[in-house]
Novice: 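My structure is below; once you've seen it, I'll send some questions.
Whatever order the structure lists them in is the order used to number ligands and atoms, beginning at 1.
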Amino acid sequence: MIYLDYAATTPCDPRVIEAMRPYFAAVFGNPSSVYAAGQRAEAAIEDAREIVASVLGCQPAEVVFTSCGTESDNLALRGAAMARRLNSGATRIVTARVEHPAVITTVEQLVEYYGFEVGWLEVDSAGRVSPESASRLIDEKTAVVSVMYANNEIGTINTLREIAAICGRRGVPFHTDAVQAAAYLSVRVDDQGVDLLSLGGHKLHGPKGVGALYVRKGTELVPSMTGGGQEFGLRPGTPNVPYIVGFATALRLAHDEREQRIAHVRPLRDQVIGTVLEAIADARLTGSPVLRLPNHASFAFQGVDGNLLLTLLDAAGFACSSGSACKTGNPEPSEVMRAIGLPRDWGLGSLRVTLGKDTTPAEVSSFLEILPGLVERARELSRLAA
Ligand code: PLP
């Protein structure tokens with residue numbers, strides 16, 4: 001199999017696995033225990049917290065470990081929305097329809113069951129959130145604002161600073177989902193001006209099932225889970241020591257090796273984009289041509305069933321994705337395709353090709369050789385089925 005779906009997940013780096021290994025059995029104590037075995041586990045977590053804090057440019061006490069990016073998004077949104085309503089009566093959540101389901105469905109539940117309202121930010125045809133609409137929508141009635149750093153389906157990068165400044169002036173906590181961004185972009189929280197930032201381990205060669213939420217000092221959150229006092233009372237439950245160590249190691253490696261990873265994937269990505277647009281009729285790039293993740297290429301093909309194309313690619317030995325992995329199997333165009341204004345016959349034919357540090361030029365070349373023929377086949381079959 002040639003793996004071209006690094007936005008869905010990434011293989012664990014062998015250095016990450018090595019760092020995790022002692023904490024499964026040799027150092028197995030409960031970090032809450034007072035004896036030495038527990039304290040060694042506790043020290044490993046605090047070391048991991050310091051590593052994450054150094055990458056984010058924040059205090060260790062501002063890093064909360066969670067079970068995944070989804071949980072980080074949940075804690076940020078639920079926590080801030082509940083706390084703000086309690087403290088100031090604010091009930092509107094402001095976000096955009098291009099967000100990951102971890103944000104969208106959380107907001108929908110807060111609206112349906114918890115009495116919040118939602119204000120939708122406008123996005124342009126590249127999926128970028130409009131700061132003007134942020135300026136119009138965000139006021140003292142706003143409980144929390146959430147704008148993703150980089151989009152998982154179309155790779156578009158948002159400029160967060162302007163929206164952060166609007167939130168700052170109006171005293172509204174600002175959350176960003178940086179789960180996709182952290183593999184390639186700086187996540188220094190003061191550069192972005194965010195109050196809450198979600199991370200996940202498995203998009204950057206760390207393990208699945210672990211993540212973190214940055215919580216700026218002074219940002220009030222009501223915990224979503226109740227239990228013991230772990231993670232400053234914001235995320236109770238015995239911490240997953242090996243995974244936390246693995247996550248911090250992976251984040252540090254992504255940070256230390258960022259330039260070389262970008263230098264590796266960017267030309268390959270440009271080759272994918274250039275060749276696809278040249279060799280395939282009725283194809284367009286989705287997302288921004290400029291402000292996009294350096295490993296991310298995404299397309300829409302008119303009159304093609306995207307899932308059928310994925311099946312043909314799979315049979316030929318290539319693993320790609322149609323929009324977000326969570327949407328696979330859904331015969332409707334994704335919310336993101338709709339939000340960027342793609343007509344249905346384009347939106348159904350989306351393809352995401354995401355590269356990684358282990359992608360080789362030979363893999364990209366063989367993909368580009370086979371893709372035009374498969375798109376034509378999928379188009380023909382989709383026409384016959386219509
Ligand atoms: N947010 C974004 C932008 C994502 O791409 C993903 C994963 O697809 C998530 C959140 C969810 O992360 P996790 O799989 O760690 O729960």
Novice: On the six-membered ring of Phe301, is Arg379 placed so that its NZ or CZ lies under 6.0 angstrom from the centre and within 45° of the ring axis?
Specialist: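 Verdict for Phe301: no cation-pi partner in Arg379.
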Novice: Would you say Thr286 and Arg352 are linked by a side-chain donor-acceptor pair, where the criterion is simply a distance under 3.5 Å?
Specialist: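 No, Thr286 and Arg352 have no side-chain donor paired with an acceptor closer than 3.5 Å.
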Novice: Are Ile273 and Arg292 side-chain neighbours, meaning at least one heavy-atom pair lies under 4.5 Å?
Specialist: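 In short, these two side chains touch, coming nearer than 4.5 Å.
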Novice: Compute the shortest N/O to N/O distance between Ala7 and ligand 1 and return yes if it is under 3.5 Å, no if not.
Specialist: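 No: no nitrogen or oxygen of Ala7 is under 3.5 Å from one in ligand 1.
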Novice: Give a yes-or-no answer on whether the side chains of Glu153 and Ser334 include a donor-acceptor pair shorter than 3.5 Å.
Specialist: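 Short answer, yes.
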Novice: Between Ser382 and Asp305, does any side-chain donor sit less than 3.5 Å from a side-chain acceptor?
Specialist: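 Ser382 vs Asp305: no donor-acceptor pair found between side chains.
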Novice: Heavy-atom contacts with His202 under 4.0 Å: which atoms of ligand 1 show up? List them by number with element.
Specialist: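 This gives 13 (P), 14 (O), 15 (O) as the contact atoms.
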Novice: Is it true that Lys203 lies under 4.0 Å from ligand 1, counting heavy atoms only?
Specialist: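 Distance cut 4.0 Å: Lys203 passes for ligand 1.
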Novice: May I ask you to identify, for Glu71, whether its side chain, its backbone, both or neither come under 4.0 Å of ligand 1 on a heavy-atom basis?
Specialist: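 Under 4.0 Å from ligand 1, Glu71 contributes no heavy atoms.
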Novice: Which is closest to atom 16 (O) of ligand 1 by heavy-atom distance: Thr70, Thr66, Val210?
Specialist: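 Checking each option, the heavy atom nearest atom 16 (O) of ligand 1 is found in Thr70.
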Novice: Out of Ala8, Gly69, Ser198, whose heavy atom is nearest to atom 15 (O) of ligand 1?
Specialist: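 Answer by nearest heavy atom: Gly69.
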Novice: Which bit of Asp73 gets closer than 4.0 Å to ligand 1, counting heavy atoms only: side chain, backbone, both or neither?
Specialist: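 For Asp73, the contact with ligand 1 is made by the side chain alone.
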Novice: Decide whether an N or O pair under 3.5 Å exists between Asn152 and ligand 1.
Specialist: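 No, no N or O pair falls under 3.5 Å.
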Novice: In this structure, would Tyr149 and Leu293 fall into the same cluster of hydrophobic residues linked by side-chain contacts under 4.5 Å?
Specialist: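 Shared cluster, yes.
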